[in-house]
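A, B, ... follow the sequence lines: proteins, then strands. Residue 1 opens every chain.
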Amino acid sequence: MSKNFYITTPIYYPSGKPHMGHAYSSIIADIFARFKRIEGYNVLFLTGTDEHGQKIQKEAEKNKKDPQIFCDELSSTFKSLTKTLNLSNDDFIRTTESRHFKSVNEIWNRLVKSGDIYLDKYSGWYSVSDEAFYDDDEIEDKDGKKISRLSGSSVEWVEENSYFFKLSAWQDKLLEYYKKNKDFILPLSRRNEVVSFVEKGLKDLSISRTSFSWGIPVPTNNDHVIYVWLDALTNYISALNFPDTNDRKFRNFWPADVHIIGKDILRFHAIYWPAFLFAAELPLPKRIFGHGWILSDEKKMSKSLGNILDPIQIITKYGVDQLRYYLVKEVSLGNDGSISMENLKNCINNDLANNYGNLCQRVFSFVKKNCNNKIPKANNLKEVDLKLIGNIKSSVPSLINLINKQDLNSYLKMIVSFSFEANKYFNDSEPWTYKMRDPERMNTILYTIIEQIKNISILLNPIIPNSTQTVLETLNISQDKFSIENVLKDNIFNHNQELKNLDILFKKIENDN
RNA sequence: GGCGAGGUAGCUCAGUUGGUUAGAGCACAGGACUCAUAAGCCUGGGGUCGGCGGUUCGAAUCCGCCCCUCGCUACCA
């Protein structure tokens, strides 16, 4: 029986260009997906785009394009981002696909059947320019006109027929669920926010609109389209061929192991989505992980501040592994994190070029010069040798545990410490002094350090897939051997095959760059 | 306003149930080495652990008050 693992990113709303936030969610999710694969799981990793709504419809009209064609273009931008970020997603779902229509229809019908949907009026102060509703206390009078306190734009009272979802009815059941499943929402601080929000009481949710048409029609009333969250969230099961609950994908992968999301959409995932699923009598995902925001030099990125760090630009300039590594290293997953070009440079130079990159370089070039470019055989491993290799192997259970808790920062830290350890071992062992007087000892040292490089590279593979693949292939280890199992296994090397040539893995970034 | 998180070296952060000279990485200074991307290794300087008071033989760690920062406080996504 194989172990399954289902992980998702949010589906992105493509009204703007992909930015660092999108990149971050996707990279984080990809790292977990890749790790679970090398751990031996059968992984389904899903990402995609959320394409309905008024904003897209208006944009399409403005561009004089058919909304579907317009969406095709927007979505392809995000699809190409998956390549740029080197994501290993198994599927890319779009809410405009027919499989999603079917799935949303079924969800709607189930909610009707359970008695959770009713027709009423939705009313409130609406600002056309902000495309947002405001509460009474967010409105003020100015020259006899009502305006939004926040944006200053004028608002009007609108009333619209709308279907509602009885969110309030699920309040107790949600709280009970949070209580029973302490790690349903992570990190804990986010869980507390959600719990206290629900405790304050839930209002019913408007789930349809008549003011625009770009969406999935309400099955029994085509004047309405199904509004955003009920539509968008359902993507997670649409990709599993819901409503066919006997489908192999659905059976294997639902409930999802973890939805990776940004904290800005936590409520929808931690409250609405579980409530919808309760009502539809479907199991709930095992975990919602809400990460923080990426800030640029301590501030939110904005055009006016001119501090936007564009992931695509950074990748073009420095490389995709470099960005992936840096984001994991610098941002404490779960909290907001600050990134800057200065720190990116330091990180690439220190961690990647000097530490891991140079470790590989110094060892491989030594082997080339002194061992006919073949991995030497060990004989008579000493205690220092066994200790070096033993440390990393005995850490594997804790490393797996860290990943299961989504504690990527500690995971990375631990592996970096192995890289330090390896550099120190190489220094202290001084293999160059054994060239003449004890080649067997030299060989043993080299074998040991290569074993360590192999293990570090496999464990780092989920984070920096390209560079570690280069290193492992230099050692003639093929991709099907990248596994945790092979970290635990000694000597998977072919001692008769010459090593491939290793170019500089990470170029250093100079100041004038 | 209410609820929550946090304030530890120049910077980013670790510090399990209170216990010996408070740790890591980066940055900075010095040293020995040479396999390597002038990389790596060793040593060192640097902290009234936000402030005040309390409990205790002993507190960064527990209690009280105060100061500061940040998050959440529903239908743009």
Side-chain angles (χ1 to χ4, degrees), chain A residues 10-16 21 50 52-56 122 124 126-127 130-135 162 164-165 167 187-207 209 227-230 232 261-268 271-272 290 292-293 295 298 329-332 334-340 342-343 346-347 349-370 409-410 413 416-417 419-420 422-435 442 445-446 449 502-509:
Chain A
I11 47 171
Y12 303 115
Y13 200 66
S15 65
D50 172 21
H52 290 129
Q54 191 169 29
K55 217 181 241 177
I56 298 282
Y122 181 57
Y126 184 73
S127 158
D130 299 351
E131 293 173 22
F133 280 90
Y134 294 104
D135 270 350
S162 169
F164 281 81
F165 173 73
L167 185 62
L188 238 51
S189 55
R190 302 265 168 249
R191 172 184 181 273
N192 296 340
E193 283 173 15
V194 170
V195 170
S196 73
F197 183 85
V198 176
E199 278 173 345
K200 274 186 219 161
L202 294 173
K203 288 187 214 161
D204 289 348
L205 199 67
S206 161
I207 49 166
R209 287 289 185 275
Y227 191 52
V228 55
W229 289 107
L230 187 54
I261 55 163
K263 65 176 183 181
D264 47 337
I265 52 173
L266 179 64
R267 177 179 312 142
F268 313 117
I271 301 173
Y272 298 0
W293 282 333
L295 309 174
E298 302 289 330
K329 166 93 196 270
E330 190 78 350
V331 180
S332 159
N335 298 319
D336 289 355
S338 198
I339 60 173
S340 70
E342 176 69 17
N343 289 339
N346 283 337
C347 175
N349 288 352
N350 292 319
D351 281 46
L352 293 177
N354 292 348
N355 199 325
Y356 174 69
N358 186 54
L359 171 69
C360 298
Q361 205 65 45
R362 71 196 293 204
V363 171
F364 294 169
S365 105
F366 196 98
V367 169
K368 192 173 194 174
K369 281 180 195 159
N370 300 293
N409 303 98
S410 304
K413 219 172 184 174
V416 170
S417 78
S419 190
F420 275 104
N423 268 314
K424 181 172 165 50
Y425 167 85
F426 202 64
N427 262 61
D428 294 353
S429 304
E430 301 183 316
W432 47 91
T433 64
Y434 292 101
K435 246 184 265 182
M442 180 186 82
I445 294 166
L446 290 172
I449 192 91
L502 183 72
D503 291 326
I504 296 290
L505 274 175
F506 306 99
K507 265 192 224 144
K508 287 230 234 180
I509 297 159

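- Taking only distance into account, the side chain of A:N354 never meets the base of B:A39 through a donor-acceptor pair shorter than 3.5 Å.
- With B:G4, B:A36, B:C13 as the choices, the nucleotide that has an atom nearest any side-chain atom of A:R362 turns out to be B:A36.
- Taking each heavy atom of A:K263 and A:G292 in turn, the nearest pair found is CD-CA, 4.3 Å.
- Listed candidates were B:C3, B:G71, B:G40. Nearest to the side chain of A:N427 is B:G40.
- How far CG of A:L167 is from CG of A:L202: 4.5 Å, rounded to the nearest 0.5 Å.
- Among the atoms of the strands shown, only primed sugar atoms or phosphate atoms (P, OP1, OP2) are found under 4.0 Å from some heavy atom of A:K435.
- The side chain of A:K200 lies closest to B:U73, out of B:A36, B:G40, B:U73.
- For A:N409 and A:K329, the side-chain atoms include no donor-acceptor pair closer than 3.5 Å.
- Across all strands shown, A:V363 has no heavy atoms under 4.0 Å from either base or sugar-phosphate atoms.
- Side-chain atoms of A:Y13 come within 3.5 Å of backbone atoms of A:H52 as a donor-acceptor pair (strictly under, hydrogens ignored).
- Within the 4.0 angstrom heavy-atom criterion, no nucleotide atom of any strand lies near A:L188.
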Tabulate protein N/O versus nucleotide N/O from nucleotides 25-28 of chain B, keeping only pairs under 3.5 Å, one per line.
unit_1 : atom_1 : unit_2 : atom_2 : d
B:C26  : O3'    : A:N350 : ND2    : 3.0

Dot-bracket for RNA chain B, 5' to 3', Watson-Crick and G-U pairs with both distances under 3.5 Å, [ ] for crossing pairs, | for partner on another strand, reads (((((((..((((.....[...)))).((((.........)))).....(((((..]....))))))))))))....
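- Heavy atoms of A:S365 sit under 4.0 angstrom from primed sugar atoms or phosphate atoms, though from no base atom.
- Put simply, A:W432 rests on the base of B:C35: the two rings are less than 5.5 Å apart at their centres and nearly parallel, under 30°.
- Contacts of A:N409 with the nucleic acid, taken as non-hydrogen atoms under 4.0 Å apart, are absent.
- Counting to the nearest Å, the P atom of B:C75 and the CD atom of A:Q54 are 16 Å from each other.
- When each of A:D428 and A:G53 is assigned the nucleotide of RNA chain B with its nearest heavy atom, A:D428 is the one assigned upstream, toward the 5' end.
- Between A:E193 and A:S206, it is A:E193 whose nearest contact on RNA chain B lies nearer the 5' terminus.
- Note: CD1 (A:I449) to C1' (B:A36) measures 12 Å, nearest angstrom.
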